[in-house]
Structure formats: C-alpha cells, structure tokens
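One structure is given here, and the rest of the page talks about it.
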Amino acid sequence: MTLHTTDITPVRIENDRRVLELLSQTFNNISAASTEIINLEAILNLPKGTEHFVADIHGEHEAFRHILKNASGNIKRKVTEIFGTSLRGQEIRELCSLIYYPEQKLEYIRASESNLDDFYSITLHQLVRVCQTVSSKYTRSKVRKALPKEFAYIIEELLHESPSDDNKQAYFNRIVETIILTGQADSFIIALCNVIQRLSIDQLHILGDIYDRGPGAHLIMDTLCDYGNFDIQWGNHDALWMGAASGNDACIANVLRLSLRYGNMATLEDGYGINLVPLATFAMEVYGGDECRGFGPRLDPEDTTHSEKTQRLIAKMHKAISIIQFKLEAALADKHPEWRMQDRKLLQYIDFDRKAFVYDGVEYEMKDTYFPTVDPADPYALTAEESELVKKLHHSFRVSDKLRKHIQCLFSHGSMYGVYNSNLLFHASMPLNADGSLKDVELQGQKYKGSELFRRIGMVMRSAFNDDTPAADRDFARDYYWYLWCGPDSPLFDKSKMATFERYFLVDAALHKEEKGHYYTLRDNEHVCDMILDAFEVEGEHRHIINGHVPVRINKGETPIRANGKLMVIDGGFAKAYHGTTGIAGYTLVYHSRGLQLVQHEPFTSAEEAIKNGTDIVSTTQIVELSQKRMRVRDTDKGKELSGQIDELIELLYAYRNGIIKEHSKK
C-alpha cells in the first residue's frame, strides 16, 4: 500500500494545525504515528463484525436473554460449521446448550457424568476451537478486553496456539490438563462460554418496546445496562415509561393499566418498588361490589400464579385506574388544544339515565355502565380519593432509583432513530402525506419533518429530565410524552386514535378501529422508501429501512420483507400475548460479513428445557441479501471513521517530517 501525501500542502497543514497539535499529544513522534497507521490499516481489513437487530421484546426476558445467548442461531451455525462432520446433532445441541447456559448446564452434567475429567478435556478443546472462530474477526486488543481478568492470559495463549501444531501440541495439552488438575475446569468453561457469547455479536440494535405485556422488562434493562455495544431506537411503550418516570400522571395511569391488563405486577412491584397497595385499597372500596367484567387480566393459558381471588382484585384495580386515566388524559387534551385530541374526551357522552353512549345523536350499547366516580355534571373531575391516589402513585414512580437508572440507560444508548451501515432504524412510523411526501408536524409552534422532526422530538424528550431546561419547557416536555404515546402525528404511534375507551366500554366493534397513518401502506412502495432514505442521507448500494412496532401476521400471509427488499419489519411478536395473532414468536435480523439474514423464531419453551435437553428456540433463517465478497471493516461506518483517522495521522507524519510540528520526547 502506498500512502498518498501529494495533496498535503503547508497551507492545509496550517488550516488543520489545531487538530494536529491535539493529535500529537497522543502520537508524539513519527514512530508512534506510523505504528497507529499500521494498526488502523490492519483493522480495516478484518471481516465486518456481526450486528444483531431485535425489536418489540415486551418484557419477555427469558426469550430475550436466550436470543442474546445464542445470537439468533449464529453460535449454532458456527458450531455446526466447525463440528458438523465430527459430532452428531444431539452432541452439537448439547455443546450449544453449554455455551448458552454454562453454570446451569455444568451442574446438570456433574450429576450425570461418570468420567468428568474426560468430559472436561474434550469440552475445553471444543470450546477453544469455537472461541478461536468467533474471535477471528477482531484484533487481539479487542479480544483481550472481552476476557475475564482471572483467566485472560491463559485464554489468550490457547486462542493463539493450535493443538495440531506438533511444536506446540504438548504445551497446549498441558495447559488443558493443568486447568483440570487444579479444579478450575468449571470456572474456565464458564469463562470461555461467556467470551463466545460476547464475541458472537459485535453490535446489538434494539428497535424499541422493551416494556409492557411480559413480566421482565426490568430484568431486560438490567441485562442491557451491563451489556457492551448496544443502541436503542425508542418505541411507544418505552416513551410511555419514560413519561411515567418524568412524572406525567397520564403516562403513569397508562403504565399501570397495561400492567394490570396483562397481570404483570412483577415489573412494577419487584422491579421498581412501585407501591400498588393504595390502588388495591381504593379499588376494593369503590368497585368492591362490581364484577368489573372485561377488566380481568389477559393471562397465559398455562399461568398458575394468579388465583381467582387475585384475578378479581386485578380486574377492580384495572377498571379503577382506567377511569382515572381517562380523566387525566382529558386534562392534557384541554391543556394542549394544539394537539387536537379533544375527541378522546368520551366520558361526557355517557347517558347515565339511559345507560348508553350517545354520540352525534346516535345511541351505542355499552358493555359496562357502572361509573361510581364519574359526576355527570363534571365527568372529568377527579374525586378527592382519586386525587389522593394519583399523588401517591406519582410519588412512588418519582422516587424509584432503579427506574431512574434504567431510564438514564435508555437515554445514554438511545434516540428516535439511528443510521448504521446503510440501515435506517426507527421503531414505528414516518409521518407522511397521502402523496408519500414527508409530513410537516407541529411541535412547540414550529413545523418539522423527517430527520429534523425526529431529532427535535429527541431533544424535547431529554429536556423533561434536564434541570437546566426552563420550567415551562420542561413542563411541556413532560406532557409531550403522552402525545408520543397516543398522538395522531406521533412517529411512535401514527394512528387516528387509541381506542382504549371504545374497546373497554362499547359493544360496536366498528368503533374500536384505529386508522393507521399513510406510512403503514406507503412503506410497501420502493420509491417512498428511497425518498425516506434520501431524506435521512442514508448512503450505500444496499440500503434499508428497518422497523418494529406492527406484528407481522405470518398466519395471515404477511411478510416481513417489503418494498422489493428496501424495508424489513422485524416485530414478529416476542410477547406471548401476540403468539396466537402472529403464529410465531418474533423476528430478529443478523447482519454479518457475508450479508443479511432474517431469523424467524418459534415460541421459547424455557431455559430449563434448553439446559436439560439441549432444546433451542426453533428458528428458520431466510437469506435477505448475500454479498459477493466478504464485507470488511473498511466497508462500514467504522471503516470510514478509521480511514479519516488515518488521513489525519498521515498529515501529522508530513508535519513531523517537514518540521511544521515538533516531535515530543517519549514520557
């Protein structure tokens, strides 16, 4: 390779002098700058790291953790490539199960294996081979950072030596034997398995909706807070919890309603310490004699944790917080007429004498007409007891340290959209006009569209938690979370309405319908997708939009790949509540150096099944795109960044060699 310096001139050096002076503090002489150029050029020629795309996890922590552990089948693919001709299928499954759940699997093996030393020796050799394969995409420095400190030196030795090398065979084998003799085999196997998991995915992309429905959103957030490289494009359910954490009472009511609807109190009580006793007490006092039909929790058919008595209590709590929610939302609709959401004020149309819902002179049958806290003369006024309850719930959300920590994690790793290696990522929708052009959306008196709209929304969301933001702007930002959750022009929602009241109380199913925004139909058009990609300045021969949000109903013939491959929707329904609707249990997308692969998952049984029997999530892989040549780091966004650094270092070399900048002595 020839380093081109012909276009470097003293004038250019002078223009870049401040940058070069700063760079010289790190690379203080010709030798240091040259070494870094060599290092960066070598990195550019490594294979592209594997990216993992996941959407709409919805609290299903066991399935999510398993997807992370098996890298959407990427680890099994690697193991099969290595041992496909030497191990039987069951043996491959057992080895993969060990890699996914090393601590638990080892405990099971110790209880059943008659010759542990033999097992340890064979397994350690196998794991080293797998680890060598998954680490081959990275520099030694990056691999070293992923190694556990207590075994870093030994693992590094094993990774860079081969037992097939006659000169090193005895050395390699003796290391393995000594690991076993010193009683470190279990700890070492666990360490190797964790390294394999960590190196199988270079970057994790989460396209929103960590929260609601499933029982373990807080456990997912615990996992992510300790994870390495990940980013998140916020979803509407994430925004709802962020709004609740900011102190938006309407968001708090919605969070509680959804949690009760799916019988999910674990995230609230165990995860974040939210005190539900005041709500339970209020519900029993006010709705004690009400059957609260239609408010019972939606539970997994195999659920055994909720007794009939508990379910009855949940139903009463569910109805109580729903009525409070409608009142709180009405106040926000009145406070912000510019949002044009007064049509969500529906309590005023209940005719208490006729026990019917009367709208525009048309009478509609109601499922439930028991409203003890609604005053017909002032239907949106909170009772004294409701007002006191709201204060207690507000306090409980605001003082939760763990919730605050998790929201901060969402901010530090998140945004409304992301562009990574020619892929545009956002959770739900892009507000469009009927002709497919970008729609102007008003926000605080100004109109924005496309990337400018997304960036502005992100700034508003952050300002709700920023003490330096003026009080009026912070108050607006706090309110705006509710609009993001259910507002017609919200990119996280983009529907005519959220028909919560209609679904709960009105018999006529036609009133339950929510009209989707234009994006949901126009995104099948390749030209519209190209227009959006252009607007977000996404470049590349193979560029895509990747969304979540709307479950793909495979059992109704829907496909996740649209617009001639320009767009992919990877919400296949992680949440168990969706399995009957979608027919599957989620999509994930894997983008490795050979191309893009879409992985369709069947429902996850349990970690226990995976440990005992070597069962895995049954997955079907569909090749979306394959590259004719293997992609290298230089073909990625990171490669462009490194190439820019190389150009700056070449300038620094020129400056050193021509005496424009003086070399520094080594410290």
Counting N and O atoms only, with roles assigned by atom type, does the side chain of [X] sit under 3.5 Å from a partner on the main chain of [Y], one being a donor and the other an acceptor?
X: S490; Y: G487; value: no
X: N525; Y: L522; value: no
X: W234; Y: L410; value: yes
X: D494; Y: P431; value: no
X: N547; Y: I570; value: no
X: T133; Y: R129; value: yes
X: T636; Y: V633; value: yes

- Item | Atom pair CG (L642) and CD1 (I43), whose distance is rounded to the nearest 0.5 Å | 6.0 Å
- Task: Mind running ring pair (Phe, Tyr, Trp, His ring centres under 6.0 Å) on Y272 and F397 for me, showing each step along the way?
- Result: CA-CA 8 Å; Y272 296 125; F397 273 83; 8.3 Å; no
- Have a look at H592 and tell me which of H52, Q597, R630 forms a side chain to side chain donor-acceptor pair (under 3.5 Å) with it. Q597
- Positive for side chain to side chain donor-acceptor pair (under 3.5 Å) with N421, one of H542, K48, R543, E51: E51
- Take H549 and F493, measure what ring pair (Phe, Tyr, Trp, His ring centres under 6.0 Å) needs, and give me the verdict at the end. CA-CA 9 Å; H549 188 60; F493 183 63; 7.4 Å; no
- Closest heavy-atom pair, C131 versus V195, reported as atoms and distance to 0.1 Å, is SG-CG1, 3.7 Å
- Task: Just do the side chain to side chain contact (heavy atoms under 4.5 Å, CB included) check on E157 and Y171 with the steps written out, would you?
- Result: CA-CA 10 Å; E157 285 292 291; Y171 172 72; 2.3 Å; yes
Who passes side chain to side chain donor-acceptor pair (under 3.5 Å) against [X], sequence neighbours left out?
X: K439; answer: D489
X: H336; answer: E338, D479
X: R657; answer: none

- Item | CA sep, side-chain torsions, deciding dist, call: L147, E156, side chain to side chain contact (heavy atoms under 4.5 Å, CB included) | CA-CA 8 Å; L147 302 180; E156 196 167 5; 4.3 Å; yes
- Item | D231: partners by salt bridge (charged side-chain N to carboxylate O under 4.0 Å, His left out), with sequence neighbours left out | none
- Check salt bridge (charged side-chain N to carboxylate O under 4.0 Å, His left out) between D635 and all other residues, then give those that pass, not counting sequence neighbours. none
[Y] ring center within less than 6.0 Å of [X] ring center:
X: H237; Y: W485; value: yes
X: H205; Y: Y591; value: no
X: H58; Y: Y211; value: no

- Query: Checking side chain to side chain contact (heavy atoms under 4.5 Å, CB included) for the pair M242/M461: CA distance, chi angles, key distance, verdict?
  - Reply: CA-CA 9 Å; M242 294 159 88; M461 293 172 73; 3.9 Å; yes
Determine, for [X] against [Y], whether the closest basic-nitrogen to carboxylate-oxygen distance falls under 4.0 angstrom.
X: E452; Y: K447; answer: no
X: E21; Y: R18; answer: no
X: K638; Y: E641; answer: yes
X: R77; Y: E81; answer: yes

- Quick one: do F188 and I154 satisfy side chain to side chain contact (heavy atoms under 4.5 Å, CB included)? Show the steps, please. CA-CA 10 Å; F188 201 82; I154 301 173; 3.8 Å; yes
- Check: M416 and L492 side chains under 4.5 Å, non-hydrogen atoms: yes
- Which pairs, with at least one residue in residues 130-143 and sequence neighbours excluded, count as a salt bridge (charged side-chain N to carboxylate O under 4.0 Å, His left out)? K142-D202
- Item | Atom NZ of K402 with >12 non-hydrogen neighbours under 6.0 angstrom | yes
